[in-house]
2 protein chains.
Amino acid sequence: MSPRRSNPRTRSTLVDIAAGLLADEGPDALSARRIAAEAGSSTMAVYTNFGGMSGLVRQMVYEGFARMEAYFSHVLHTDDPVADMTLFGRAYRHNALTNPHLYAVMFGGASLAGFSLTAEDRQYGRFTLSTIVECATRCVTAGRFRVGDAELVAHQLWTAIHGLVTLELGEYLIDPWNADVVFEAQLTGLMVGLGDTVESATRSVTSSLGRFKEEVEDVRPLIPAQDDPEDG
Amino acid sequence: MSPRRSNPRTRSTLVDIAAGLLADEGPDALSARRIAAEAGSSTMAVYTNFGGMSGLVRQMVYEGFARMEAYFSHVLHTDDPVADMTLFGRAYRHNALTNPHLYAVMFGGASLAGFSLTAEDRQYGRFTLSTIVECATRCVTAGRFRVGDAELVAHQLWTAIHGLVTLELGEYLIDPWNADVVFEAQLTGLMVGLGDTVESATRSVTSSLGRFKEEVEDVRPLIPAQDDPEDG
DNA sequence: GGGTCTGGCATAACAGCGTTATGTAAAAAA
DNA sequence: TTTTTTACATAACGCTGTTATGCCAGACCC
C-alpha cells in the first residue's frame, strides 16, 4: 500500500544548498538546475520535495524567521525594559545584515522573480513580533512608555527599524550619514517618541550597545532541520 | 557622417508601456517581448534605446523619483514646519501606495530579477531627500525639534516612514493594527522623538491630515518625457 | 539631387530559466 | 515474492534576456 518514501536528507540538503547559494551569490544564482547540480540530483528533486521553486523559497523564508527568533531568544530580560527593547532592535538589524538576501526575500515583497508570500507565511513572520509586544508591555507597565497599547508600540518600532535596515541593505544610507549614526539616533528617538525621557532613553540605548556584543552579536543560529528532524 | 537618429517618441512610448504593464500586472508581466509587442516593434527597440531591460527599468525608476518629487512639490510651506513635515510623510506614503510596484523597484533592492540600482541611481533618489532636509531645518530653527542636524533628522524620518510603507505594501500590516493606525501614531511619535511636545505634535499631525486631502491627494503627476521633451 | 556611411530596427537564433510529461526503479506493504 | 506507489532521471515545452545578422532609413558630404 505505502510507497517509496523520499530521502529525508534530500529536503534539508536542497534547502542548505539553496540558502548558501542565495547568501553567497545572490538571488540570481538561485535556480532549480543549479541547486540540483550542486546536490548531485536532477531538477525533479525540487518538485517532489517542495512542489517547485516557490516551495523551496518558502522553506528558506521559514528558516529566515527561525534565525531571527534565534537572535531574539538570546536577549535577556533585565529590569530595564527599554534597554531590552533597543537590544531587540540591535538584534533585528544584526540578523538582517548577517542574512541580507534572505531578509530581502522575507520582507522585500517580490524580491525573487515569480515568488510571493502567502498570508500564512506573513502570519508566521508576524508571530515573531510577539516577543516585541511582550517587551513593549513591560515598558508600559514600568512607566517608561506613554502609549498604552503594546501591540501598536511594537508595530511602530518594527516599521521604523525595518525601514532603516531596508534602506541600509539597499545601500541608500552612506556618506555622510552612515547607517550606524542614523540607527543610534533612531533608537533614542523612538523611545522618546513613545514616552521615555531623553536622559533615560539615552542611558538605555548606551547600555544595550554593550549588552549586544555580549548577548547577541556572536550568536550562530544553527540551521534547523526542515520538517524532518533526521540528521546524519 | 551622422547616422540615422532614433525616433524620439519610441523611448517614451516604451517607458510608458512598461510602466503601465508594471502598474497593471506587476513585475512578472514586464518582459522585453511583451513590451515590444504592445509597442508594435521588435525587442531590439529595447536594446537600441536602453541597452537592455536594465536600462529601461532604470528609466522607470527615474520616472518614479520624478513622481515622488511631483507630490512633494505640492506641499506648501506654512508657519507650522512640523505640520509641513508630517504632510511630506503623508505625500511619501501616498506616492508609494499609488505606485506600489514602481516603489518596490525603486527601493526594494533586487525587486526585479537581474536588475540592481547603481550608485548614481541611488544618488538621484537621495537628492529627493533634500526637500525633507530643508523642512527639517525649519523645524529646528523654529525650536520644534531638539536635534540639531537637519540631515540626520531627515534620515530618521525617511527610514521610519519608508519602513512602514514597505511593510504595508508587503501586506504585513493588517488586522488588528492596520497601516493607517500605525502611520498616524508613527507620525506623532517621530515628531515627539525629535523634540516636539506631544500637544503641538498632535495638533500638527491633525492639521496635516486636512491639508493632505486638499494639497496632495489628488495630484496627478504627469509622466515626464524621457530625455527628449519632444511630444505629440 | 545623388552618394555614402552610420546606426535604428527586424528576424532568427542561443543559452538559460521554471515546469511538466514520460519512463524507470526503488522501497514499503501484502 | 508480488504488488503498488511514488521518488527521481531524462527530455521536452514555452518562456525569458540577449545577440548575431542583415536590411534600409536618414543625416551628412559633394
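As the structure is a computational prediction, the values presented were derived from the model and not from experiment.
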Check: Can you name the side chain to side chain contact (heavy atoms under 4.5 Å, CB included) partners of A/Glu217, sequence neighbours left out?
Finding: A/His94, A/Phe212, A/Lys213

Notebook entry, point to check: Taking only residues at least two apart or on different chains, which pairs with a member in residues 42-54 of chain A satisfy side chain to side chain donor-acceptor pair (under 3.5 Å)?
Noted result: A/Ser6-A/Asn49

Check: At under 4.0 Å, does any side-chain N or O of A/Ser41 touch on OP1 or OP2 of D/dC8?
Finding: no

Next item on the list: May I ask you to say what B/Ile35 touches in the nucleic acid, namely base, sugar-phosphate or nothing, with a heavy-atom cut-off under 4.0 Å?
Entry: nothing

Checklist line | From A/Leu187 atom CG to A/Met85 atom CE, the distance as rounded to the nearest 0.5 Å | finding: 11.0 Å

Next item on the list: Answer yes or no: is there a side-chain heavy-atom contact under 4.5 Å between A/Met106 and A/Asp121?
Entry: no

Notebook entry, point to check: NA contact type, A/Gly52, heavy-atom cut-off 4.0 Å: base, sugar-phosphate, or nothing?
Noted result: sugar-phosphate

Margin query: In this structure, how many angstroms lie between the P atom of C/dC17 and the CG atom of A/Leu112, rounded?
Written below: 13 Å

Next item on the list: Name all residues meeting the side chain to side chain contact (heavy atoms under 4.5 Å, CB included) criterion together with B/Thr131; count only those two or more places apart in sequence or in a different chain, and write none if there are none.
Entry: B/Phe72, B/Phe88

Notebook entry, point to check: So, the side chain of A/Arg58 versus the backbone of A/Phe50: is there a donor-acceptor pair under 3.5 Å, distance only?
Noted result: no

Notebook entry, point to check: Taking five pairs at each end of the helix from C/dG1-D/dC30 to C/dA30-D/dT1, what angle separates the two helix axes (nearest 10°)?
Noted result: 10°

For nucleotides 20-23 of chain D, give me every protein contact, N/O to N/O, under 3.5 Å, one pair per line with atom names.
none

Notebook entry, point to check: What's the CG-C1' distance between B/Leu14 and C/dG8, to the nearest Å?
Noted result: 12 Å

Check: 5'-most contact on DNA chain C: B/Ala45 or A/Arg34, nearest heavy atom basis?
Finding: B/Ala45

Note to self: Output the rounded distance in Å from CZ (A/Phe115) to P (C/dT19).
What the structure shows: 12 Å

Check: Does B/Thr10 have a side-chain nitrogen or oxygen under 4.0 Å from the phosphate oxygens OP1 or OP2 of C/dC9?
Finding: yes

Margin query: Could you measure the distance from the OG1 atom of A/Thr166 to the OH atom of A/Tyr172? Nearest 0.5 Å is fine.
Written below: 12.0 Å

Next item on the list: State which residues pass ring-ring contact (aromatic ring centres under 6.0 Å, His included) with A/His162; sequence neighbours excluded, sorted by chain then number.
Entry: A/Tyr103, A/Phe107

Next item on the list: Would you indicate which nucleotide in D/dC8, D/dA11, D/dA12 comes nearest to any side-chain atom of A/Arg33?
Entry: D/dA12

Notebook entry, point to check: So what does A/Ser31 hit on the nucleic acid, given a heavy-atom distance under 4.0 Å: a base, only sugar-phosphate, or nothing?
Noted result: sugar-phosphate

Next item on the list: Look at all strands and tell whether A/Leu56 reaches a base, only sugar-phosphate, or nothing, counting heavy atoms closer than 4.0 Å.
Entry: nothing

Next item on the list: Looking only at side-chain atoms of B/Tyr47, point me to the closest of D/dT16, D/dA7, D/dT19.
Entry: D/dT19

Note to self: Please report the interatomic distance CG(A/Leu22) to CG(A/Leu30), rounded to the nearest 0.5 Å.
What the structure shows: 5.0 Å

Item checked: Options D/dA11, C/dA10, C/dC17, nucleotide nearest the side-chain atoms of B/Ser42 -> C/dA10

Next item on the list: Figure out the CZ/C1' separation between A/Arg9 and D/dA7, and round it to whole Å.
Entry: 17 Å

Note to self: Just the rounded figure in Å: distance from P of D/dT18 to CG of B/Leu30.
What the structure shows: 13 Å

Notebook entry, point to check: Distance only, no hydrogens: is a donor on one side chain within 3.5 Å (strictly under) of an acceptor on the other, for B/Asn99 and B/Arg67?
Noted result: yes

